[in-house]
2 protein chains.
Amino acid sequence: LAHYPVVNKRGEIIASAVTNLDIHDMARAVRTYSAKALYIVTPLEDQQQLVKSLIGHWTTGYGADYNPKRCQALETVRIRNNLQQASIDIAQETGSDPQTVVTSARSHLNSISLARFQEILGTGFPCLLVFGTAWGLSPDCIAAADYILKPISGNTDYNHLSVRSAASIILDRLYGRSGEP
Amino acid sequence: LAHYPVVNKRGEIIASAVTNLDIHDMARAVRTYSAKALYIVTPLEDQQQLVKSLIGHWTTGYGADYNPKRCQALETVRIRNNLQQASIDIAQETGSDPQTVVTSARSHLNSISLARFQEILGTGFPCLLVFGTAWGLSPDCIAAADYILKPISGNTDYNHLSVRSAASIILDRLYGRSGEP
């Protein structure tokens, strides 16, 4: 989940503030669908500290005892300064540079379907799936990615899901269809 | 989305506090998948006022101009004192008492699959799909429902998604599979 480089309503590149519920919801989805880790990407030190305190609260001592399910989810979180650091981390752990797959609420000419993404995941190479906060990832960040994922559509022309919903739905479409329609 | 009757960690029946992001996320999902309305159910007057101010802010004046997509989503929200009022509302609007379908993170012997729920929706009769906040709907509320929906499972034994994620995924499984895996 990238808080930088993202754009604001006017298209200016900003570093957005962290939203606690993004971390809880996405960590639980990551844990439910066995993704390997949730990277919270922000270069802002005070925001990194906020995320650290949140994780610390729920993964140690009283918080971990009080709600062990929250602990199990938040254990998947890693805080990094930028997307490059997340990629390096994955490369060191797996021995392969990850493919970066970015999401966008807008359509792009060369975007790929979830079916194609599933094929790419099927090759066994690691992937870094990137969601932007605020008004979405910066154009440069999108252009630099290996793949752009097609936006999720429902059955209307409205496609403005929250990042929490979008991430959950994408993981469910990829990994959650064991026999259930 | 029911804030009453729900249970706390100790199983006691409580009225929970409203979480703003629940309303935003669920209203956006409702709008994306063309559900008819999002009922926010709470008997607490101060909580109803909070929801009214939130909706007022984004559906009128500056807020509506600033982010019209938020306005379109929040226009689907209706505040009611209890689930019965929501049912009466639906009956008056459609001419039929709705079937109530409750969700639960636990398995119940007589729970139905999403495929069965889809068949029920296919009959054209209205349905009220109920999500509980806090530690879930009260046992009496679950027992009184027409149907209990099976919990969502991913591909692990961890099924502790947020209510925001669960609602989004269920709507997507029901209405969002137009050609996309």
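First the proteins, then the strands, lettered A, B, ... as listed; each starts at 1.
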hydrophobic_cluster_shared for A:L50 and A:I79, side chain cutoff 4.5 Å: no
Flag, side chain of A:R173 to backbone of B:D172, donor-acceptor distance under 3.5 Å: no
Path from B:I14 to B:V7 over hydrophobic side-chain contacts below 4.5 Å: no
Which atoms of A:A166 approach chain B - backbone, side chain, both or neither, heavy atom under 4.5 Å: neither
B:A29 to A:L161 - nearest heavy-atom pair and separation: CA-CD2, 3.7 Å
B:L21 side chain near A:T19 side chain, heavy-atom distance below 4.5 Å: yes
Proximity breakdown for B:I152 and chain A, heavy-atom pairs closer than 4.5 Å: side chain
Point-to-point distance, once rounded to the nearest 0.5 Å, from OG of A:S162 to CZ of B:R70: 10.0 Å
Single-linkage hydrophobic cluster, 4.5 Å side-chain cutoff, A:V77 and A:L128 together: no
Side chains of A:L171 and B:I169 in contact at under 4.5 Å (non-hydrogen atoms): no
Heavy-atom neighbours of B:Y4 OH exceed 12 at 6.0 Å: no
Heavy-atom donor-acceptor pair, B:Y158 side chain to A:Q72 backbone, under 3.5 Å: no
Sub-4.5 Å side-chain heavy-atom contact between B:Y175 and A:T156: no
Expected output: side-chain A:R31 to main-chain B:N159 donor-acceptor under 3.5 Å: no
Co-membership, hydrophobic cluster, residues B:I23 and B:I170, 4.5 Å side-chain: yes
Closest non-hydrogen atom pair, B:H160 against A:R28: O-CD, 3.1 Å
Backbone N/O of B:Y66 and side chain of A:K9: donor-acceptor pair under 3.5 Å: yes
Proximal component of B:A167, with respect to chain A [non-hydrogen, under 4.5 Å]: neither
Other residues, nucleotides, ligands: >12 heavy atoms within 6.0 Å of B:E12 CD: yes
In one Ile/Leu/Val/Met/Phe/Trp/Tyr side-chain cluster, 4.5 Å: A:Y39, A:Y33: no
Engaged part of B:H24 at the chain A interface, taking heavy atoms whose separation is under 4.5 Å: neither
